[in-house]
Amino acid sequence: MDNNSISQVLADVAVLMQAKGENVFKVRAHSKASDQIKSLSYPISDIADDADKLGDIPGFGAGIIDIVQELARTGRLGLFEELSEELPDGVLELVQIPGIGPKIAVTAANDLGISTYEQLAASIESGDFQRLPRISKKGAAQILRHVKMRVDQGKRIGIGPATQAASDVIAELRDRCPEITQIEVVGSVRRSAELIGDINIVCAVANSDESETVIDAFTTLSNVHEVQSHDEQTAEFTDRTGFGYSVTVVTDDAFAGALVYGTGSVSHGQQLEKLAIEQGLELTRFGLLDSDGSVVAGQSEEELYKRLGLEPVAPEIRENTGELELAAKQALPQTITLGDIRGDLHSHTNWSDGRYPMEDMVAAAQERGLEYLAITDHSPSATVANGLKPDMLLAHNTAVREMAESSGMPLLTGTEMDIKPDGSLDYSDELLADLDIVIASIHSGMEQDSSTMTQRVIDAMESPHVDVICHLTARLLGKRAPVEIDIDAVLEAAVRTGTVMEINASPDRIDLRADHVRKAVDLGVIFAINTDSHRVLQFDNMRFGVNTAIRGWVEPNRVINTLHYAELMAFLALPKSERYAFNESRG
DNA sequence: GCCGTTTTCGGCCCGACTGTTTTCAGTCG
């Protein structure tokens, strides 16, 4: 079993224990072990036979070691099965909803027989759920928002886990089939959509008689639960959770066409098909074909678009939302790339809720070729996240300056400061004035109504010290619905006050939707693309933020962390009222 | 359940808020 699966079982055990009313510290021990496994940099199954090595992991004692060994050896856990047996169905699903914890989940299941999101939504709508103890009308209304989001989402999963699942399948397939010459994920994963309904893979072999080997391997991959269909060139299966995977195998000369066919949205594809027909060609899932059915050879994706009279279109924007008209006029925007990013302006260390010391985070950022990094630990109101009290912030500033000195990497002193429920800020102006960068965000009072929430954020933007608003909607992709807020009003206020908007790169957040970003681009908003890293590996998430920016048609000069360090510091040294004009003057 | 040790058991994350209710469950990263 991989780390994520083992970590998930431990997290589920913690929830079920809590639902059962077990000692909170026992619960926490399992939950901590789950976190610990998730942040390991190697597969824990590699050391599962070595109890001593397992014991070296902080928080691992005899009990946790037994659990990990049982899972690694058998893929199952007796304790989990016993707990599942003891507790009503649906607890693990219901606790995913913000506002519902293990206790309420058990009560809802026992008293009202609720075990699915659909049943929960129906129960709230009929008013039954609100009659449970400690559930208010207002609370139930908020829960309904989150539940409806879950119901709408269905079986779709977030882009983060979907990307991981796709690369796992590709790695296993490559390993089993040396015949594969080219392989790529297509569909919504390649477009970097937020939610993914299934995973589509295209691969190429040198000779068509090799494709059957690939199909055989694909339909017997380790996560195959049920094969839905297969022929010589295509196959589909679902995994244990009912999530679907498909593969199309083509020969090398048809690979680019298959990529084009498989990547764009349905309506993007239809437009391309029309253009192909106009030229006497046919675009199929096996590539671009001539009138006699033979593959139009010698092509890359770029050449294919050109053949259709179009400028090549980045995979992320193949949605038929205006890109084809611009491509026909050779007038597509030059969207940002990962290589344009020079620094990260949002990161956490173990001074607050990050998992790693400052030096590890700085080293990880350096390894990834970043030119500079802002260390932005939490402010006092974020108590659970161990937010820094004023004296600790001063010590933090000193530590950051010393670290910059010793590491040789330019670092920005900073904070991720809470915007309190009344719109006031968590540090004094005096403290804020001393920081290189202040990024501000909502972490509490997330159920406020839209006008209160909107005003709260705009109040914070009016501060001369608040440089960036981060993860504006506070949504967690597929888990927590966005806060209710007037996005247009906030974006307009950003331009008016000279405030930068963050595009949060965490694949769990994808906080601003692509259409919000595109709207912001039209309004002239400036962005920062930040990883919000709490762990060293999370710096690798930057690509998800960049992909979101591409989907929003963001060009590199609209993003402040494409600036070199000295330019960025010059930008931040200006009064906010002059910053947008400064950015306009960039080449 | 883990930890650190005073090697056997007490302490474990320091809070502030909401909503409901009068002691607590849940949330915020």
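Numbered from 1 within each chain, the chains take letters A, B, ... in sequence-line order.
- At the heavy-atom level, Lys389(A) lies under 4.0 Å from base atoms of the strands shown.
- Using a 4.0 Å heavy-atom distance criterion, Asn386(A) is classed as a base contact.
- Remark: the separation of the C1' atoms in dC3(B) and dT7(B) is 13 Å, to the nearest Å.
- Taking the C1' atom of each, dT21(B) and dC17(B) are spaced 16 Å apart, rounded to whole Å.
- The side chain of His378(A) lies closest to dG29(B), out of dG29(B), dG26(B), dG1(B).
- Across dC13(B) and dC28(B), the matching C1' atoms stand 14 Å from one another, rounded to whole Å.
- In this structure, CD of Gln18(A) is placed 12 Å from C1' of dT27(B), rounded to the nearest angstrom.
- Nucleic acid contact class of Ile97(A) (heavy atoms, under 4.0 Å, all strands): sugar-phosphate only.
- With rounding to whole Å, Gln448(A) atom CD is found 14 Å from dT27(B) atom C1'.
- In this structure, Ala62(A) reaches the sugar-phosphate backbone alone: every heavy-atom distance under 4.0 Å involves primed, P, OP1 or OP2 atoms, never a base.
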Take Glu447(A) and Arg145(A) through the test salt bridge (charged side-chain N to carboxylate O under 4.0 Å, His left out) and record every step on the way to the result.
-> CA-CA 10 Å; Glu447(A) 315 290 16; Arg145(A) 271 175 60 225; 3.3 Å; yes
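- Whole-Å rounding puts the Lys26(A) NZ to dC12(B) C1' distance at 15 Å.
- The shortest side-chain heavy-atom distance between His346(A) and Thr531(A) does not fall under the 4.5 Å cut-off.
- Between dG1(B) and dT6(B), the two P atoms lie 25 Å apart (nearest whole Å).
- Counting non-hydrogen atoms under 4.0 angstrom, Gly99(A) reaches the backbone sugars and phosphates but no base.
- Inter-residue side-chain proximity for Ile67(A) and Phe80(A) is flagged as unmet; no heavy-atom pair is nearer than 4.5 Å.
- Look at the P atom in both dG15(B) and dC9(B): the space between them is 28 Å, to the nearest Å.
- Counting non-hydrogen atoms under 4.0 angstrom, Pro98(A) reaches the backbone sugars and phosphates but no base.
- Here the P atom of nucleotide dT18(B) and the CE atom of Met453(A) are 13 Å apart, to the nearest Å.
- Between dC14(B), dC2(B), dC28(B), one nucleotide has an atom nearer to the side chain of His443(A) than all others, and that is dC28(B).
- Within 4.0 Å (heavy atoms only), Arg509(A) reaches sugar-phosphate atoms of the nucleic acid but no base atom.
- Here Pro380(A) lies out of heavy-atom contact (under 4.0 Å) with every strand.
- Here dA25(B) presents its P atom at 18 Å from CE of Met17(A), a figure rounded to the nearest Å.
- Taking the charged nitrogens against the carboxylate oxygens, Arg368(A) and Asp344(A) have no contact shorter than 4.0 Å, which rules out a salt bridge.
- Between the P atom of dG29(B) and the NZ atom of Lys38(A) lies a distance of 14 Å, rounded to the nearest Å.
- Of the candidate nucleotides dG1(B), dA25(B), dG29(B), dG29(B) has the atom lying nearest to any side-chain atom of Asp353(A).
- dC14(B) is unpaired under the Watson-Crick or G-U wobble criterion, no partner having all donor-acceptor distances under 3.5 Å.
- Rounded to the nearest Å, the gap between the C1' atom of dA16(B) and that of dG29(B) is 15 Å.
- In this structure, His348(A) reaches neither bases nor backbone, as no heavy-atom distance under 4.0 Å exists between it and the strands shown.
- Remark on DNA chain B: of its neighbouring residues Val27(A) and Ile135(A), the 5'-side contact belongs to Val27(A), judged by nearest-heavy-atom nucleotide.
- Along DNA chain B, the nucleotide nearest Gly55(A) and the nucleotide nearest Gly101(A) are compared for position; the residue whose nucleotide lies closer to the 5' end is Gly55(A).
- Look at CD on Gln142(A): it is 13 Å from P on dT27(B), rounded to the nearest Å.
- Between the side chains of Asp449(A) and Thr452(A), at least one donor N or O lies within less than 3.5 Å of an accepting N or O.
- With rounding to whole Å, Ile57(A) atom CD1 is found 11 Å from dC3(B) atom P.
- Taking the charged nitrogens against the carboxylate oxygens, Arg76(A) and Glu70(A) have no contact shorter than 4.0 Å, which rules out a salt bridge.
- Look at the C1' atom in both dT5(B) and dC12(B): the space between them is 15 Å, to the nearest Å.
- Residue-level contact check: Arg480(A) touches the backbone only, with heavy atoms under 4.0 Å from sugar-phosphate atoms and none from bases.
- Remark: aromatic rings of His443(A) and His471(A) are close, center separation under 6.0 Å.
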